Amino acid sequence: MTTDQRFTTHTVENQAPPLGHYNAYRTDTVLQAAVNREGGGWADAHLEAYGAVAGGELMDLGYTANENKPRLRAFDRYGNRIDEVEFHPSYHHIMQLGMQYGMHAFAWRNADKTGAHVARAALAYLHNQADAGTGCPLTMTHSAVPALSHNPALAQTWLPHITSCQYDPRVLPFDKKNGCTVGMGMTEKQGGSDVRSNTTRATAQPDGSYEIVGHKWFFSAPMCDAWLVLAYAEAGITCFLMPKILPDGSRNAIRIQRLKDKLGDWSNASSEVEFLGASAQRVGDEGRGVATVLEMVALTRLDCMIGSSSLMRQAVVQAIHHAQHRKAFGRQLIGQPLMQNVLADLALECEAATALTMRVARAVDASTSNPSEAALARISTAVGKYWICKRAPPLVNEAQECLGGAGYVEETNLPRLYRQAPLNSIWEGSGNIQCLDVLRALTREPASRDALFAELHAAKGANVELDRTTAWLTQALEDRSTLEVRSRLVVERMALALQAAILVKAGNDAVSDAFCKSRLAGEHGLAFGTLGADVALEHLIGRASVASSTPVG
Ligand SMILES: Cc1cc2nc3c(=O)[nH]c(=O)nc-3n(C[C@H](O)[C@H](O)[C@H](O)COP(=O)(O)OP(=O)(O)OC[C@H]3O[C@@H](n4cnc5c(N)ncnc54)[C@H](O)[C@@H]3O)c2cc1C
């Protein structure tokens, strides 16, 4: 008998097995229903294929890419300035898979099909669960397309590279590459929300290009092939496309000062940069920079909703899986009433977030052909970004607690999800900015108010609490003089009412009743796990569980 055998201290038991590889689409009943409801069902086979990747290989790569943060290589070994960021191979592999399946381009490559933005939103939802960091450059590449169309000549040459499904990390002029990525540079030291305080200057050159001098304080994807950048030209703030490599193969005059040491988002490099006379091409008219770049921002804000919903989804998956396998006090956690209340409440929040996100994706999809959908997209993007991004941090924290101590340990992905969770709420317009944007939409684009209420009225009569909230909102918008100071409460209730209306129309009464009672009627506490005793807890948990999945890979 060996020493180890003689002195065995314990047998490892009552630990949840690793979740293992699973198909993140096929096992997600709620996502599939939302995709079908909003018109993206034709992409099911593609989503199922990416679901296997996202719940399998991509999940493993996500761990490695986040354990090995990118590093700035400002100089080469000879002291020459190179301004490169070095990534772990797993980062490149994730980018390659994301682009192969079109997370950055699916909507544009399928622009002739109704629901292409919905299907693309589902791709992003799947991708972000495995790694949210790479979601940043992929999101920005997708979102840059409408803004770029303001310079048709540039669009014509760049778009085939931007919408290519090949990831090409080589440092070459864009037209020598098989695929390109695009980032954005708006935020400066003295102001991020208030981009009109930018100090970066653009001087027109005889050849039609501009020379850009200034800095950007957050420049999240310095490895991209180009960026949409704001700078002041003679006629005012203007949008520019700034390439990384100039046509002659030399580097543009973009100096990376340092990489940000961030709370989370570790697989992605965010940087501070200076432009020392960098060359750029104008996109849109001089003085129209904010309006032009807002076309990109509208889409990145939708992606913040997608990102936060998907973080919630992954946290719920992990929490339910753990509770299905862990026993305490002689009984499995999943069977204990109070744990059921917590898990069901988390699942309900996630379902409502996913439903609203996919509805907004449909509105974006229909925007070009349907003015009322365009008006709904305008207001519901701000409403949804505000609320869904706000809900992610407390939800992820509660999911973490379901795993007990293990949820605080890096070997699970909960700490990573927790660090990532606040980001979407800050980036691309923080909470207050979203609320102010809702007020701007109400004032300047009254059709957006009509579209919002049309969406709520379409569910009229189906749930008394929803009708009451709609009436409350109508009244709340009457006194415009105090609306700004009240706007967080008003926007929160707009979000809850929209979520309720979508769930009511989706037709699962157990889900919509639980949502309306808890979120609209006040039969709920401030923490998760405070649903009423009459709620169909097991049904809500069952909808969110991946337990019945067929393991893949
Ligand atoms: C990880 C990460 C990556 C990022 N990547 C990029 C990037 O790639 N490109 C880029 O351009 N930017 C990027 N950003 C910057 C981000 O978009 C800004 O930080 C954000 O827009 C807020 O700007 P700010 O930091 O200057 O804060 P401020 O604008 O100073 O805002 C501070 C606070 O004041 C609030 N506030 C502002 N105005 C008002 C008002 N009128 N009334 C009430 N409250 C108000 C805001 O809501 C916020 O809570 C990134 C940020 C992070 C965290």
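In what follows, every heavy atom counts, from backbone to side chain, and hydrogens, waters and symmetry copies are set aside. In listed order, ligands and their atoms are each counted from 1. Everything numeric here is computed off the predicted structure, so don't read it as measured data.
- Shown in contact with Met186 at under 4.0 Å from a heavy atom are these atoms of ligand 1, numbered in order with element: 10 (C), 11 (O).
- Between Leu395 and Cys350 the shortest heavy-atom distance is CD1-N, 4.4 Å.
- Between Phe219 and Phe275, the ring planes lie perpendicular to each other; the angle is over 60°, past the 30° to 60° tilted range.
- Ring planes of His117 and Trp108: perpendicular class, angle over 60° (limits at 30 and 60°).
- Every atom of ligand 1 is numbered from 1 in the order shown, and the set under 4.0 Å from a heavy atom of Ile426 is 20 (C).
- For the pair Thr187 and ligand 1, the shortest N or O to N or O distance falls below 3.5 Å.
- Within the listing of ligand 1, atoms 22 (C), 46 (C), 47 (O), 48 (C), 49 (O) sit less than 4.0 angstrom from a heavy atom of Ser430.
- Among the candidates Leu230, Val213, Ile212, the single residue satisfying the side-chain contact (heavy atoms from CB on, under 4.5 Å) test with Thr200 is Ile212.
- For ligand 1, the polar-atom distance check against Glu188 finds no nitrogen or oxygen pair separated by under 3.5 Å.
- Shown here, atom 33 (C) of ligand 1 is out of close reach of the protein: none of its heavy atoms lies under 4.0 Å off.
- Between Ser220 and ligand 1, an N or O atom pair is found at a separation short of 3.5 Å.
- Listed by number with element, the atoms of ligand 1 under 4.0 Å from a non-hydrogen atom of Gly191 are 26 (O).
- Polar contact with ligand 1: present for Gly192 (N/O pair, distance under 3.5 Å).
- Atoms of ligand 1 found under 4.0 Å from any heavy atom of Met184, numbered from 1 in the order shown, are 7 (C), 8 (O), 9 (N).
- Every atom of ligand 1 is numbered from 1 in the order shown, and the set under 4.0 Å from a heavy atom of Glu428 is 17 (O).
- The nearest non-hydrogen atom to atom 43 (C) of ligand 1, considering only Val297, Ile433, Asn432, comes from Asn432.
- Legend: ring pair (Phe, Tyr, Trp, His ring centres under 6.0 Å) pairs involving residues 237-256, not counting sequence neighbours, sorted by first then second residue: Tyr210-Phe240.
- Protein heavy atoms come within 4.0 Å of atom 8 (O) of ligand 1.
- Residue Gly183 places no heavy atom under 4.0 Å from ligand 1.
- Pairs engaging residues 241-263 under the ring pair (Phe, Tyr, Trp, His ring centres under 6.0 Å) rule: none recorded [sequence neighbours left out].
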* Asked: Could you go step by step and tell me if His215 and Gln257 meet the side chain to side chain donor-acceptor pair (under 3.5 Å) rule?
  -> CA-CA 10 Å; His215 80 280; Gln257 304 297 100; over 6 Å; no
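- Inclusion of Lys262 in the set of residues having an N or O under 3.5 Å from an N or O of ligand 1 is not warranted.
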* Show the numbers, then the answer: is there a side chain to side chain donor-acceptor pair (under 3.5 Å) between Glu57 and His93? => CA-CA 10 Å; Glu57 188 181 7; His93 198 163; 3.1 Å; yes
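- Residue Phe218 has at least one nitrogen or oxygen atom sitting less than 3.5 Å from a nitrogen or oxygen atom of ligand 1, judged on distance alone.
- Between Tyr91 and Phe87, the angle of the ring planes stays under 30°, which puts this pair in the parallel group of the 30/60° scheme.
- Side-chain contact, Asn268 with Lys260: no donor N or O sits under 3.5 Å from an acceptor N or O.
- In this structure, atom 25 (O) of ligand 1 has its sub-4.0 angstrom surroundings free of protein heavy atoms.
- Electrostatic pairing of Arg378 and Asp437 counts as a salt bridge here, judged by a charged N lying under 4.0 Å from a carboxylate O.
- Ligand 1 places these atoms under 4.0 Å from at least one heavy atom of Leu436: 40 (C), 41 (N), 42 (N).
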